[in-house]
Amino acid sequence: MKVFTAILLLTCSLAYGQDFDLHSNVIDPDVTFSEPNEVLSTDPFEDSLFQVFRKSMVNFELSNSLLNKEEGIVGLEFRQKTKPLNLSGVVNVGYEYGLLTGYIDPISINPLSVFNTRGDISVDAAGLPVNISYNYSTLINPLGVNNYFRCSLDTEKLKQKGLAKKNEAIGEIDRQINDLQRNKGVIQGKLGMGEVLLQKYKRELGQYINEIDQIENQIKKEEEKQSFDDDIGLEGLTKQQKIDSLELLQKQVQQKQQRAAAIYDTVNKIYNDALILYELYSDFANELSDKKTVLSGLSGETIKNKSLNEINSRKNGFVSSIKTLDLGLTYPKITGLSKNSVPIQGVNLEFQKEKWYMAFTSGVTMNNLMVSTDAIQNKLNNTSNLFNQFDFQNIKQRGWLTNIKTGFGRPDETHVYIGVRYLTNSIPLQGNTDSSAIPSLGNELDIRWIPKFSKSTSIDFIYGKTSWRSALIDSSRSGVLNSLYSSDRTNTSLFSITQNLKFIRSTIQGIIRWIDPYADVRSLGTLQPDNLRYEIKSTTIVTQGMRLGMNYRHDQNNLLSVKDTSVELNVLGGQLNGNLFKNLSYFTSLNYLTQYQNSSAGRITKNNYMFGFGISSSYTLGKVKNTLSISYNDYLITDTVSTGLFRNIALQNATKFNFGVNKISISYFQMVDDLLLNNTSFIIGDEFSAQKMKLKITLGIKLSISDKYGIQPGGKLETSYKINNHLEWSFRAERMVLGDFYNYYSRERYDRFPYAISTRLGWIF
């Protein structure tokens, strides 16, 4: 209000940036006097100090940028000029034929023929960054997730843009504050000049008044004298002439006194206006400082095409509160029991407005059964609860999954959430013999507590319950709601403590998880029912170049002891990676697993392990730079039907010449599994890549020597050409070899057509 009043006060004289009116209530400066004053030898209006003060203040203007004429307070606009639609990204269209590593057809051994298109596009529409990605193949079972479309709000980019805008706004405020402070300094100097003039003219006015009083006294004295008009005094003047002369002199001094008073009033008015202006600038500076404080506390994404006052009133807008927004393929965090989730095609929204959190997910579940040409992966996929860092289960049915979670707090801070999820009648996938279409209902309480007295401690508690599928099938329960709120053993729970020990640079986490035997986990992704788990994990930064991880896990099933056989698993392992010296990096990992199978027939113990080690080093021979990589992997894996040994030693050396890069590789592979095959192979290869202008070519040869397949030659040709700034074409042809560590093919498929051919056209925009 003070600022507004000050502006209204200045409006008449400043006119929002116009010159001061210095001549109001001032005697006409052209008035002259018949003779100079005896006390003031010069005309005050000709005083050089006054002229400097007057002219400097007349030319001093209040910056229009500091006044908001509508509101009467500071109004800074931060408007971003953006294109209506800004596109960037890449779209690829390709065709593949032959022995393809990314696709599996379990029915036919003929060469695969696949048309594929995929794209990753960034769209900036009306200031909102959106990412669009898709994949479509005519063969619908590629490795990983099937064909999909995905549109998601890039909240991280939105945040970065908001932070940039925030910094720009703060920078603008700082600039205006600096201008205000500079102008305050100028005005302060003028105020000092005005004070000098006021003191000077006040003193001179006093002298005028004293002189007038002296003349008045002289006139009175002369009038009191006994006089005759014909008498002539010593001065040669008669008494009346002397009185007339004094009165004339008095009148002249009075005129100068009036003129000096007008000068004083003018200076005083200018001084007061300048003082108001100085106070106004101070108020403006305080106003800007307050808004800078508010602005600094805002989240960056809040600032978008809004004035500072609008920003203040919209501190937590809708868009800035969106943490996740996916349309199409999405991986929602349905439960706090696991970091993994069931993929869906639908919508996934996470919303955080101050302390209130809400998540909504709805869509069709997708099959996450991953087929592979990787013998190791296939072995693990057929192993229940083994070395997988998650519990693997095949989702063989599709259904419409809807999940709602809401509560108080942020996900990574102290919070209390309640969630409800519902899976509609499932649709069996093609080839699935289970035709039972039974819905599923579940709820969950998610609590995290980070004590104020120990910010490095995090305690999580999860409790949930589901309906029981078997009870719905045999009509033991009348519906999912009746089954959910019953005494059926369908509970799920987790208790976790995470502690950060800064003094030893370690983080330790302990977890206990219980999932009842009859819990319906189809809506929870990769979890398995009838499972009790104890787990301890730690990460330690030993030195700047060394990181150590340790883990222990115990799993057991048959929690209600209703089965004849129960299984216990104990996994103990660790990982160590980092750098030695300047150019040498390393990694190593070991997980040792013991399986206990208990039944009425006795106890069976099986031991398994997974070990990996690798080093990488760069070195120079002469002026030629090289990079050497050596890796060793040794796996012993037991699934439900057999035990397999997989061992690999690989060496690769890359040499960088001025005209290209050459890579030499040697690999040894041993696989012993009675249900797969027993084979030992050596694979030697050499690959050279060169690029000149817009053309890049890679030539490679490969030779496989194995016990099972004998000697097999192979090789590849890859080329890419940049047609222009937006189009790039690539072509690849390869003759495959058998015996690779990660790729495994049936002999019939390989003998029929051991080649893979592909071409692709990419549009970059």
Nearest 0.5 Å please: distance from the [atom1] atom of [X] over to the [atom2] atom of [Y].
X	Y	atom1	atom2	value
Ile404	Asn443	CD1	CG	13.0 Å
Leu569	Thr594	CG	OG1	9.0 Å
Arg749	Ser108	CZ	OG	7.0 Å
Ile515	Thr490	CD1	OG1	12.0 Å
Thr117	Asn92	OG1	CG	7.5 Å
Lys405	Lys333	NZ	NZ	6.5 Å

*How far apart are the C-alpha atoms of Val91 and Phe765, what are their side-chain angles, what is the distance that settles it, and do they pass the side chain to side chain contact (heavy atoms under 4.5 Å, CB included) test?*
CA-CA 9 Å; Val91 172; Phe765 53 95; 3.9 Å; yes

Polar contact flag, side-chain donor to acceptor under 3.5 angstrom, [X]-[Y]:
X	Y	result
Tyr103	Ser137	yes
Thr402	Ser362	yes
Asn116	Tyr136	no
Thr507	Gln499	no
Gln556	His554	yes
Asn557	Asn531	no
Arg150	Ser133	no
Gln575	Ser589	no
Tyr552	Asn570	yes
Thr540	Ser506	yes
Ser476	Trp468	no
Ser467	Asp520	no
Gln352	Ser321	no

_Is it true that, when you exclude Tyr534 itself, more than 12 heavy atoms of the residues, nucleotides or ligands shown sit nearer than 6.0 Å to its OH?_
no

*Should the heavy atoms of other residues, nucleotides or ligands under 6.0 Å from CG of Leu560 be counted, would the total exceed 12?*
yes

What are the two closest non-hydrogen atoms of [X] and [Y], and how far apart are they?
X	Y	value
Arg522	Ile438	NH2-O, 2.8 Å
Ile132	Cys151	CG1-SG, 4.0 Å
Ser523	Ile334	O-CG2, 3.6 Å
Leu472	Pro439	CD1-O, 3.8 Å
Thr492	Ala519	CG2-CB, 4.1 Å
Asn558	Val562	OD1-N, 3.1 Å

Answer yes or no: is there a donor N or O on one side and an acceptor on the other, between the side chain of [X] and the main chain of [Y], under 3.5 Å?
X	Y	result
Thr424	Trp400	yes
Gln345	Leu329	yes
Ser486	Ser483	yes
Lys465	Asn491	no
Thr466	Gly442	no
Glu96	Ser113	no

Pair [X] + [Y], salt bridge at N-O below 4.0 Å:
X	Y	result
Lys355	Glu413	yes
Arg410	Asp412	no
Arg448	Asp460	yes
Asp530	Lys563	yes

Do the side chains of [Y] and [X] get nearer than 4.5 Å, heavy atoms only?
X	Y	answer
Asn348	Leu325	no
Val347	Thr330	no
Val93	Arg760	no
Glu444	Thr335	yes
Ile344	Tyr331	no
Ile511	Leu494	yes
Leu112	Leu139	yes

*Given Arg533 and Asp555, is the salt bridge (Lys or Arg N to Asp or Glu O under 4.0 Å) satisfied, shown in steps?*
CA-CA 5 Å; Arg533 168 175 292 184; Asp555 285 272; 3.0 Å; yes

*Between Tyr148 and Tyr134, does a ring pair (Phe, Tyr, Trp, His ring centres under 6.0 Å) hold up when you go through it step by step?*
CA-CA 6 Å; Tyr148 66 88; Tyr134 72 91; 8.2 Å; no

*Before giving the answer on side-chain hydrogen bond (donor to acceptor under 3.5 Å, both in side chains), spell out for Asn131 and Ser152 the whole-Å C-alpha distance, their side-chain angles and the decisive distance to 0.1 Å.*
CA-CA 5 Å; Asn131 292 331; Ser152 61; 4.7 Å; no

*Please assess Ser496 against Gln509 for the test side-chain hydrogen bond (donor to acceptor under 3.5 Å, both in side chains), listing each intermediate value before the final yes or no.*
CA-CA 7 Å; Ser496 170; Gln509 183 180 34; 3.2 Å; yes

*Passes side-chain hydrogen bond (donor to acceptor under 3.5 Å, both in side chains), Asn591 versus Asn551? Steps please.*
CA-CA 9 Å; Asn591 282 279; Asn551 60 275; 3.3 Å; yes

*In sequence, state the C-alpha distance, the side-chain angles, and the governing distance for Asp488 and Arg477, and then conclude on salt bridge (Lys or Arg N to Asp or Glu O under 4.0 Å).*
CA-CA 10 Å; Asp488 296 337; Arg477 299 295 180 187; 2.9 Å; yes

*Take Leu87 and Ile121, measure what side chain to side chain contact (heavy atoms under 4.5 Å, CB included) needs, and give me the verdict at the end.*
CA-CA 7 Å; Leu87 292 174; Ile121 305 169; 4.2 Å; yes

*asked:* Tell me if the centroids of the rings in Tyr357 and Phe408 come within less than 6.0 Å of each other.
replied: no

*Under 6.0 Å between the ring centres of Phe461 and Trp449?*
no

*asked:* ring pair (Phe, Tyr, Trp, His ring centres under 6.0 Å), that's the test. Do Trp514 and Phe495 meet it? Break it down for me.
replied: CA-CA 9 Å; Trp514 176 289; Phe495 181 77; over 10 Å; no

